[in-house]
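Some notes on the structure that comes next.
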Amino acid sequence: MNRRVAALLVAAILVSSCAESDPLPADPGPETAAPPPSTTTLVTTTTTTTAPPVPLSDATTRLGLGDSRYPELGNGGYDVAHYTVDLTFDPEHDMLSALVSIDATATEPVDTISLDFIGFDITAVKVDNESVDFDRSNGKLNVRLPAVVAAGDSFVIAIAYTGTPQAVPSQALPFEVGWRTDAAGIRYVVAEPDGGRSWLPLNDHPSDKATYTFLITVPEPLVAAANGTLQERITDLGWSTWVWESTDPMASYLATVVIGEIEIVVDEASSAESGVAVRNVLPADLATALPIPLERQGEMIEFFAKLFGSYPFDSYGIAVVGDFEAALENQTLSIFGRSVVEFPAFFETVLVHELAHQWFGNSVTPADWGDIWLNEGFATYAEWLWLEHTRGRAAYEATIGGERNRLTLAADLQPPGDPLAEDLFSVSVYVWGGLTLHALRVEIGDDAFFETLQTYYATYENSIATTADFIAIAEAVSGSDLSALFDQWLYSEVVPELPSTAG
Ligand code: TRP
Ligand code: ZN
C-alpha cells in the first residue's frame with residue numbers, strides 16, 4: 001500500500017512572530033506559572049448599588065427558541081453574526097481565562113438578551129464597551145442592554161470569565177458533552193447537541209449560525225487547534241497564541257478546540273487530490289505513521305464532491321484523542337476517539353461518515369433538533385454510497401438488507417422523523433433514516449435521486465433546512481407526490497419493508 005505521507009510539523013507551516021508584532025502584554029513569565037492575560041483586556045468594574053437589583057430573568061428574557069426537542073436551548077430577540085473567542089488555557093492549573101465577544105443584531109426591539117452558559121466565574125460583561133448588569137438563571141446568562149436596541153441594529157457583547165472547564169450531562173446522550181480531558185491531558189470539545197454552553201456563552205441552537213475567530217493561548221510546546229484555517233501563531237515568553245479563523249457560518253454545537261502535545265500534520269497528497277487543505281491533528285506516534293486509511297481522505301472528498309457538490313469549506317481533517325469511543329463531525333475538524341482509529345475497516349466507515357456530515361449537518365444544518373435524521377440518516381447513507389463505490393453494487397445491497405434486519409431486532413424503535421429528546425442519536429435515526437434515502441432512490445431512480453441531493457445541498461448550503469424542505473426538493477426534482485413514501489419511512493411505527501430493486 002502506498003503510504004506517501006507528506007507530514008510537516010507545525011514549525012514548518014507556521015510563522016512564529018517576533019516580539020514587536022506581538023499584541024500580548026508582557027506577562028510574568030513561566031517561572032511564576034501564571035498565564036498571560038487575554039489578548040484583549042476587559043477591565044472589571046464593580047458597581048455599588050443601594051437598591052436590590054431587579055432580577056433580569058423577570059424582565060424580557062426569553063427562555064429558549066422553542067426547539068421541538070430542547071425548547072429551552074437558544075434565545076430569541078437577536079441573531080449572532082460573529083464570535084471572537086479569546087482563550088488562555090493553563091493546563092498545569094486546569095484554568096481557563098476567557099474573553100468572548102459576540103457581534104449580534106436585534107431581530108425585534110430588545111432591552112435584555114440571554115445567552116446559554118453554564119459554570120465559571122464571570123468577571124465582566126460589557127455591551128458596546130459599557131459595563132452592564134447581568135444575572136444567571138436556568139443555564140442562561142441574562143444581559144441588560146444599556147438602552148433598548150431597535151430591530152436591525154447591531155451591538156457587541158463581551159463576556160470575561162475564568163474557571164476550570166467541565167463537561168456537562170447531555171439531555172440526548174448517556175455521556176457528558178462539552179469540554180473534556182483525556183488521560184494524556186489532551187483537552188477537546190465535543191458538544192453536540194447541548195454542550196456548547198459548557199465552555200462558551202452562546203446562542204446555542206443550530207438555527208443561529210455564525211462565523212468564528214479563535215485566539216487560543218497555551219504554554220509552549222502545546223499546540224491549540226480549532227475550526228477553520230490557522231492564520232498565525234504568536235509566541236511570547238513561553239506562551240503561544242494560535243489564531244484560527246472560521247469564515248463560513250457554523251452552528252454552535254460544531255465549535256471545538258483541541259489542546260495538547262499534538263502535531264498538525266499536513267496531508268499533501270490528499271490536499272492535491274481534493275483541492276481542499278487537508279491537515280490532521282495527531283499524537284506523535286500517529287503523526288509519524290498515519291493510521292490506515294487516513295491518507296484516503298482526499299479521495300473521499302473527491303468522491304462526495306462529485307456526488308453532492310463541491311466540498312463546503314476551505315480545510316478538512318481529523319483530530320485524534322484518547323478516552324473517547326466515538327467520533328464527532330466538528331466543522332472542518334472532526335474529532336475521533338483513538339479506539340475508532342485502531343480498527344481500519346471501522347475507521348474507514350467512520351471517516352466517510354464524519355466527512356459526509358460536512359455537507360449534511362454542517363453546511364446544511366437542521367433548523368430543529370427534531371430534524372436530526374437530515375444529519376445522521378444522510379451520513380449513514382453516505383457510508384453505503386462509499387461501499388457501493390469501493391466494493392460494488394452487491395456489497396451495497398447486502399449491507400442494506402443486513403441493516404434492515406438489524407432494525408427488526410432492535411426494540412422500541414421510534415421513527416426517525418420523530419426522535420425522542422433523550423435518545424436523539426438512536427439506531428433508528430441513523431439506520432432507518434439511511435434506509436429512507438435508499439427507499440427514495442429506488443422510488444425516483446438514480447438520476448432524480450442524485451439531483452435531489454445536489455439541489456438540496458446547493459439550495460441550503462451555509463444555511464439551515466427542515467425535513468419539509470428536503471421533501472419539497474425531492475418532489476420538485478422527481479415530479480412525483482412523495483408524501484406516502486416519506487410518511488411511511490419517517491413517521492410510521494413499524495419499519496417498512498425494503499422496496500424491491502429488481503423492478
Ligand atoms: N454526530 C455524531 C456522529 O457522527 C454523534 C454524536 C453526537 C457525538 N453527539 C456526540 C459523538 C458527542 C461524540 C460526542 O454520529
Ligand atoms: Zn453522524
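First listed ligand is number 1; within each ligand, the first listed atom is number 1. Values reported hereafter were calculated over all heavy atoms of this structure, with side chains retained and with hydrogens, waters and symmetry mates removed.
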Ionic contact status for E72 with K140, cut-off 4.0 Å: no
Atom indices of ligand 1 within 4.0 angstrom of H353 heavy atoms, with elements: 3 (C), 4 (O), 15 (O)
Distance criterion under 2.8 Å: protein N/O/S atoms around the Zn ion (ligand 2): 3
Numbering as shown, the atoms of ligand 1 that approach E354 to under 4.0 Å (heavy-atom distance): 3 (C), 4 (O)
Contacting atoms of ligand 1, where contact means under 4.0 angstrom from a heavy atom of E329: 1 (N), 2 (C), 3 (C), 4 (O)
Residue portion contacting ligand 1 (non-hydrogen atoms closer than 4.0 Å) for L173: side chain
Within the 6.0 Å centroid threshold, strictly below: Y311 and F308: no
Centroid separation Y381 to Y430 less than 6.0 Å: no
For atom 7 (C) of ligand 1, closest protein heavy-atom neighbour: E192 OE1, 3.2 Å
Heavy-atom nearest neighbour in the protein, as seen from atom 8 (C) of ligand 1, with distance rounded to 0.1 Å: L328 CD1, 3.7 Å
Pair H82 and Y212, ring centroids less than 6.0 Å apart: no
F117/Y161 aromatic ring centres below 6.0 Å: yes
Protein heavy atom at shortest distance from atom 11 (C) of ligand 1: A327 O, 3.3 Å
Flag for H357-N375: side-chain donor and acceptor within less than 3.5 Å: no
Close approach, Y253 and ligand 1, non-hydrogen under 4.0 angstrom: no
Heavy-atom neighbours of R393 CZ exceed 12 at 6.0 Å: yes
Within 6.0 Å of CG in D412, more than 12 heavy atoms from elsewhere: no
R69 bridged to D194 by N-O distance under 4.0 Å: no
Minimum-distance protein heavy atom relative to atom 14 (C) of ligand 1: F175 CE1, 3.5 Å
Close-contact set for ligand 1 against E376 heavy atoms, below 4.0 Å: 1 (N), 2 (C), 3 (C), 15 (O)
Straight-line distance of E475 CD to T452 OG1, nearest 0.5 Å: 10.0 Å
For Y430, atoms of ligand 1 separated by under 4.0 Å from a heavy atom: 2 (C), 3 (C), 5 (C), 15 (O)
F324 neighbourhood, listing ligand 1 atoms whose heavy-atom distance to it stays under 4.0 Å: 13 (C), 14 (C)
Approximate separation, where rounding is to 0.5 Å, of L374 CG and T436 OG1: 10.5 Å
Side chain proximity check, V85 to L200, heavy atoms < 4.5 angstrom: yes
